[in-house]
Amino acid sequence: MKLDLYAELDWRGMVYAGTEGVREALAGAPVTAYIGFDPTASSLHVGSLLPVMALARLQRCGHRPIAIVGGGTGLIGDPSGKAQERTLLTLEQVEANLQGIRAQLARFLDFESTAAPARIVNNADWLVGLDLMVFLRDIGKHFTVNYMLAKESVKRRLQQDEGISFTEFSYLMLQAYDFLTLFDRYGCTLQLGGSDQWGNITAGCDLIRKLRGVRAHGLVMPLVTTAAGVKFGKTEAGAVWLDEQRTSPFRFYQFWLNTDDRDVIAYLKYFTFLGQDEIRGLEEARAEAPEKREAQRTLAREVTRLVHGDAHVQRAEHASSLLFGERIAELPADEVLAVFEDVPSTEVSRADLAGDGLGVAELLVRAALAKSRGEATRLIKGGGVYVNNRRVADERAHLGVDQAIEGRLFLLRKGARHLHLVRVAE
RNA sequence: GGGGAGGUUGCGGAGCGGUCAAACGCAGCAGACUGUAAAUCUGCCGCCCCAGUGGCUUCGGAGGUUCGAAUCCUCCCCUCCCCA
């Protein structure tokens, strides 16, 4: 049986606004819908996870999802939500990034399904060869400058000193043209996006109505917020990526585990496929025993599984359970290595550890846990450094081979959750 | 082409001849309290070391004036706004 997509998105809090009649449109025959993804990096980050999940849910409800990677528009830059003019990408960069994103989307979308296969398209296919005269005549004619100036994204930029370039100003028309093209090629009648995309999306709906006489729809999702007021998906190390080369599965898992109590239920709805009953159960668990953080654990497990798979979940959970115990020094080195496989590591030579040994401060710098020796020293003085889970009391402490786990390994930790493995090379 | 504003340590933003490694806010890091949460409080937040009323390199770039320059002068580079 087919699930009602609108209802599904609605109870999950994923509907911020929609054009009139979207709900009815989704209740009828399967529709083809699309979302655009930013090609500025070769990996998606958790900030893109909400739209990704929207496409996945869409497909599960029997509709046809299209992910459009903005190879063409990526050359331009969307002014929405951006205070400053963006740097432009080259065609080659965009192409490389596109390949990475394509692979990640494949974890969420079924491209093989015969009933409702997902699709990935690159709008560079139709935008790059676009003839300016033809575009201005056929498309530009349907936009008044007044209409474009009235768009929020443009208005904001006009009020600022730097202004907005004609290039970015044109973005709206291009995105509308994308929608029109997808309508023509695949019968796509719905566009989803973040709430900042509203103006661009409705422009596309208007264009399709004018040129094809068909009513297309738009549905936008809320901005993911954090209760603490920090930008979602950012940590001290920068963005949290889906690519395990950029953000290890262990850190990825930890990112979700550290979710604020006030956000965790909303995130479970956004980012997992758990149903209403399960989530309600977790909500009660959180209310009764917040210190157990069962909701956070579930969230971390589910999202990590979706992105990295079961094996990584188990490793991350095991590593997390060992994170704070002093027993770690008693474990076999091989086990520690296996558990913390994802953690960044550095090698030191036996010679470094000979004699007086290697200074902990020096090691912190080599492991990039501190930027300078001065900073490392301050950290140790402040009690923020641990070797094999024991706090280092003396900022001049040195390590010798005899203190390494089985003579092969140190686990260096800064604060609660910055881990680094130090391997002793033969 | 003309006129104006401006480039300061991640960001914002003070400073306008010594007391400036440079106020303040934000962000960040660590500690305490906790539940790997929040809030709060404390410390740190250019680099080096033998850690000190220590050394070194910074305020778009290059020169210069001066005992002394982020602060004054000259030239150059860059950004933004307005007019043409």
Quantified in whole Å, what is the [atom1] atom distance between nucleotide [N] and nucleotide [M]?
N: B:A69; M: B:U58; atom1: C1'; answer: 13 Å
N: B:U57; M: B:G6; atom1: C1'; answer: 26 Å
N: B:C50; M: B:G35; atom1: C1'; answer: 44 Å
N: B:G60; M: B:G7; atom1: P; answer: 8 Å
N: B:G64; M: B:C29; atom1: C1'; answer: 42 Å
N: B:C47; M: B:A22; atom1: P; answer: 13 Å
N: B:C44; M: B:A21; atom1: C1'; answer: 15 Å
N: B:C72; M: B:G15; atom1: C1'; answer: 15 Å

Complementary nucleotide of [N], counting Watson-Crick and G-U pairs under 3.5 Å:
N: B:U66; answer: none
N: B:U79; answer: B:A5
N: B:U71; answer: none
N: B:C26; answer: B:G10
N: B:C41; answer: B:G31
N: B:U57; answer: none

Inset, instruction - Taking A:E347 for its side chain and A:A425 for its backbone only, find out whether a donor-acceptor pair lies under 3.5 Å. - result: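 No: the side chain of A:E347 does not pair with the backbone of A:A425.
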Inset, instruction - Please check if the side chain of A:K210 supplies one atom and the backbone of A:H142 the other of a donor-acceptor pair under 3.5 Å. - result: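 Side chain of A:K210 to backbone of A:H142, a donor-acceptor pair under 3.5 Å: yes, one is there.
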Inset, instruction - Please report, rounded to the nearest Å, how far the C1' atom of B:C50 is from the CZ atom of A:R373. - result: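 Interatomic distance, CZ of A:R373 to C1' of B:C50: 13 Å.
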Inset, instruction - Check the distance between B:G46's C1' and A:E375's CD and give it to me in whole angstrom. - result: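 Whole-Å distance recorded here is 11 Å.
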Do [X] and [Y] have side-chain N/O donor and acceptor atoms under 3.5 Å apart?
X: A:Q197; Y: A:N200; value: yes
X: A:Y177; Y: A:N123; value: no
X: A:H420; Y: A:T346; value: yes

Without placing hydrogens or testing angles, list every side-chain donor-acceptor pair under 3.5 Å for residues 279-292 of chain A, not counting sequence neighbours.
from: A:R280; atom 1: NH1; to: A:D277; atom 2: OD1; distance (Å): 3.3
from: A:R286; atom 1: NH1; to: A:D261; atom 2: O; distance (Å): 2.8

Inset, instruction - Please find out if less than 6.0 Å separates the ring center of A:F252 from that of A:W241. - result: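 Not under 6.0 Å, so no.
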Inset, instruction - Could you say whether A:V365 or A:K381 is positioned toward the 5' end of RNA chain B, judged by the nucleotide with the nearest heavy atom to each? - result: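 Nearest-nucleotide comparison on RNA chain B picks A:V365.
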Legend entry - N or O in side chain of A:S372 less than 4.0 angstrom from B:C48 OP1/OP2: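 So the side-chain polar atoms of A:S372 do come within 4.0 Å of the phosphate oxygens OP1 or OP2 of B:C48, strictly under.
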Inset, instruction - Using a 4.0 Å heavy-atom cut-off, write out nucleotides 31-44 of chain B from 5' to 3' as B (base contacted by protein), S (sugar-phosphate only) or - (no contact). - result: SS--BBSS-----S
Show the atom names and distances, to 0.1 Å, of all donor-acceptor pairs under 3.5 Å that link a side chain in residues 103-111 of chain A to residues at least two apart or in another chain.
from: A:Q104; atom 1: OE1; to: A:L44; atom 2: N; distance (Å): 2.7
from: A:Q104; atom 1: NE2; to: A:S43; atom 2: OG; distance (Å): 2.9
from: A:R107; atom 1: NE; to: A:L306; atom 2: O; distance (Å): 3.1
from: A:R107; atom 1: NE; to: A:V307; atom 2: O; distance (Å): 2.9
from: A:D110; atom 1: OD1; to: A:E112; atom 2: N; distance (Å): 2.7
from: A:D110; atom 1: OD1; to: A:S113; atom 2: N; distance (Å): 3.0

